[in-house]
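From a predicted model like this one, the values you see are computed outputs, not experimental measurements.
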Amino acid sequence: MKMVTAIIKPFKLDDVREALSEIGVKGITATEVKGFGRQKGHTELYRGAEYVVDFLPKIKLEIAVDDDLAERVVETVINAARTGKIGDGKIFVSDLQQVVRIRTGESGPEGL
């Protein structure tokens with residue numbers, strides 16, 4: 001099993017969710033987060049004063065999937081989230097040691 005963690009632009013959330021649903025992903029956890037990478041933030045004007053916004057709003061998606069679906073999830077997120085501009089995000093794939101569904105006690109791939 002794999003945990004796919006994707007950091008995307010907030011306005012791409014619906015596109016990514018729909019695309020993942022089409023390939024059979026059953027569950028996603030989405031969290032509003034802030035961060036920066038190569039973008040390094042930007043400057044904004046507020047009441048005539050300029051200030052630097054270091055951390056930009058992003059969405060962190062966590063998707064637990066079986067090994068055979070992980071690569072397809074990565075490709076789907078890339079295709080749905082890409083704008084071609086700086087700040088499109090990152091995807092991290094890590095091994096998932098164990099999953100347990102609390103309600104039924106099912107574990108492993110059945111727990112997903």
Closest heavy-atom pair, R101 versus T104, reported as atoms and distance to 0.1 Å, is CD-OG1, 3.3 Å
Give the cluster check for L61 versus I78: same hydrophobic cluster or not, with ILVMFWY residues linked at side-chain heavy-atom distances below 4.5 Å.
-> yes
Check: K9 and D88 side chains under 4.5 Å, non-hydrogen atoms = yes
Nearest heavy-atom contact between V4 and A70 is CG2-O, 4.5 Å
Mind checking the NZ-CD1 spacing from K2 to I63? Nearest 0.5 Å is all I need.
-> 14.5 Å
Hey, what do you get for CG (D15) to NZ (K12), rounding to the nearest 0.5 Å?
-> 4.5 Å
ILVMFWY cluster, V25 and I8 together (side-chain gap under 4.5 Å) | yes
Distance in Å, R72 CZ paired with D66 CG, rounded so as to fall on 0.5 Å steps = 13.5 Å
Decide yes or no for I91 and T5: does some side-chain heavy atom of the first lie under 4.5 Å from some side-chain heavy atom of the second?
-> no
What distance do L20 atom CG and K26 atom NZ have between them, rounded to the nearest 0.5 Å?
-> 13.0 Å
Rounded distance (nearest 0.5 Å) linking atom CZ of F92 with atom NZ of K60 | 9.0 Å
Can L69 be reached from L112 by stepping across I, L, V, M, F, W or Y side chains whose heavy atoms are under 4.5 Å apart?
-> no
Kindly compute the distance separating NZ (K90) from CD1 (I7), expressed to the nearest 0.5 Å.
-> 10.0 Å
Side-chain heavy-atom pair K34, K58 within 4.5 angstrom cut-off = no
Check whether any side-chain heavy atom of M1 sits under 4.5 Å from a side-chain heavy atom of P109, and report yes or no.
-> yes
Decide whether V16 and I59 are clustered together by the hydrophobic rule: side chain heavy atoms of Ile, Leu, Val, Met, Phe, Trp, Tyr closer than 4.5 Å, transitively.
-> yes
Is it true that V65 and I23 fall in one hydrophobic cluster, defined by side-chain heavy atoms closer than 4.5 Å?
-> yes
